[in-house]
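These notes concern the structure reproduced below.
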Protein chains: 2
Amino acid sequence: MTNTTSAKATALLAALKEKGHRTTKTRSLVISYLVQTEHPVAAHDLITMLKKQGRDVNKTTVYRELLFLKDEGIINEIDLLEGQKRYELADPHHHHHHLVCTKCKSIRCVEMPNDLDALEQRIKKQHHFHVTGHILEFFGLCKKCTR
Amino acid sequence: MTNTTSAKATALLAALKEKGHRTTKTRSLVISYLVQTEHPVAAHDLITMLKKQGRDVNKTTVYRELLFLKDEGIINEIDLLEGQKRYELADPHHHHHHLVCTKCKSIRCVEMPNDLDALEQRIKKQHHFHVTGHILEFFGLCKKCTR
DNA sequence: CTCCATGCAAACACTTTGCATCAAG
DNA sequence: CTTGATGCAAAGTGTTTGCATGGAG
């Protein structure tokens with residue numbers, strides 16, 4: 001959890017600025033964090049992270065920032081049946097799903113490009129339903145919890 | 001939405017009774033409804049249904065009944081990113097997923113047996129993660145909303 | 001100086017809990 | 001009667017809103 005702003009984070013901030021949005025301390029930290037975190041985070045995680053970085057932000061700000069980033073298409077909202085939402089960087093080039101361990105609650109990402117293309121084609125033909133997206137999450141036991 | 005209790009509902013109630021659980025009016029109605037409803041229902045839907053049937057139950061009762069049926073393995077809980085949970089009969093012989101229309105919010109079930117078996121095998125080999133279940137929901141536009 | 005961004009308190013929606021009462025078996 | 005089922009009120013949890021203030025550009 002370093003303070004350094006990656007090239008990717010910088011680019012995202014620049015793009016937002018271009019659109020007239022401001023580069024706040026909180027916004028930079030949130031984006032930097034999301035860029036370098038490999039698993040989806042909850043609002044609560046961000047509040048904790050910001051506190052650690054010395055920013056005592058209000059939860060409202062965090063929720064609003066997440067809403068903002070979602071509307072900007074920068075992050076995706078996902079739900080892993082935990083009673084809270086999680087967010088992760090929207091990265092179309094790294095389409096992935098999650099392995100959720102039902103014992104230790106760990107979340108791990110797995111990339112599987114084009115995994116459901118065939119299925120979606122079938123759905124379109126059979127049900128005349130135009131699929132624009134899907135959620136696919138696996139539940140089970142992780143490596144550690146299996147032994 | 002008839003009042004008749006199907007054979008399946010009767011069997012489920014009998015099995016519960018066998019285990020020492022009681023056959024209440026509310027329980028029969030909830031089970032009957034879940035058996036004959038083809039799409040997942042929210043707690044709110046059940047309360048409405050019960051009111052229509054002349055049972056002015058408290059929401060607490062409904063939530064407790066759903067928890068009970070879930071613990072008994074009779075129903076499954078699912079989440080379609082709506083901010084509320086939905087429940088449907090747990091039927092291993094009719095493994096299915098949902099097509100959620102992002103425009104009219106309709107939910108439709110599609111059966112696709114063994115759809116992800118290959119994928120789950122791959123996950124086990126590559127990540128040593130033992131998959132016990134998954135959720136797969138498709139979002140997009142239904143037949144009506146496409147035109 | 002102009003707006004976007006923020007803090008605070010309060011409201012919200014959905015769900016859960018404690019405790020006294022009711023009713024199925 | 002016994003104990004599971006229920007009602008009611010209140011609390012809990014995650015999230016959102018209204019409004020006044022603060023700060024980036």
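Only this structure's heavy atoms are used, side chains among them; waters, hydrogens and symmetry mates stay out. Predicted model, so just to flag it, every value in this text is computed and none were measured. Throughout, protein chains are lettered first and strands after them, A, B, ... in sequence-line order, and every chain is numbered starting at 1.
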Measure [atom1]/[X] against [atom2]/[N] and give the value in whole Å, please.
X: B:Glu72; N: D:dA5; atom1: CD; atom2: C1'; value: 14 Å
X: A:Lys19; N: C:dA5; atom1: NZ; atom2: C1'; value: 17 Å
X: B:Leu67; N: D:dG4; atom1: CG; atom2: P; value: 15 Å
X: A:Arg55; N: C:dT6; atom1: CZ; atom2: C1'; value: 10 Å
X: A:Ile47; N: D:dT15; atom1: CD1; atom2: C1'; value: 11 Å
X: B:Lys70; N: C:dT16; atom1: NZ; atom2: P; value: 7 Å
X: B:Lys25; N: D:dG7; atom1: NZ; atom2: P; value: 14 Å
X: A:Asp71; N: D:dT15; atom1: CG; atom2: C1'; value: 15 Å

Practice prompt. Map B:Lys59 and B:Thr26 onto DNA chain D by nearest heavy atom, then report which one ends up closer to the 5' terminus.
Written response: B:Thr26
Fill in: Residue whose nearest DNA chain D nucleotide is more 5′ - B:Phe68 or A:Arg64
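Looking at the nearest nucleotide for each, B:Phe68 comes out on the 5' side.
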Worksheet item: Under the ring-ring contact (aromatic ring centres under 6.0 Å, His included) criterion, do A:His39 and A:His96 qualify, and how do the steps go?
Response: CA-CA 11 Å; A:His39 61 263; A:His96 68 273; over 10 Å; no
Counting side-chain heavy atoms from CB outward, which of [options] is closest to [X]?
X: A:His21; options: C:dG7, C:dG25, C:dA5; answer: C:dA5
X: B:Lys17; options: C:dG25, D:dA9, C:dC8; answer: C:dG25
X: B:Arg22; options: C:dC3, C:dA23, D:dG7; answer: C:dA23
X: B:Thr60; options: C:dT17, C:dC8, C:dT15; answer: C:dT17
X: A:Glu65; options: C:dT6, D:dT15, D:dG7; answer: C:dT6

Practice prompt. Using a strict cut-off of less than 4.0 Å between a Lys/Arg side-chain nitrogen and an Asp/Glu carboxylate oxygen, indicate whether B:Arg86 and B:Asp79 qualify as a salt bridge.
Written response: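 Salt bridge absent between B:Arg86 and B:Asp79.
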Discussion item. If the threshold is 4.0 Å, N to carboxylate O, is there a salt bridge linking A:Glu72 and A:Lys19?
Written reply: yes
Discussion item. So, OP1 or OP2 of D:dA5: does either fall under 4.0 Å of a side-chain N or O from B:Thr24?
Written reply: no
Worksheet item: Within the pair B:Tyr63 and C:dT16, is there a side-chain N or O less than 4.0 Å away from OP1 or OP2?
Response: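 So the side-chain polar atoms of B:Tyr63 never come under 4.0 Å of the phosphate oxygens OP1 or OP2 of C:dT16.
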Discussion item. Given 3.5 Å as the limit, does a donor-acceptor pair link the side chain of A:Thr61 with the main chain of A:Val57, or not?
Written reply: no
Practice prompt. Indicate, with yes or no, if the rings of A:His97 and A:His95 have centres closer together than 6.0 Å.
Written response: yes
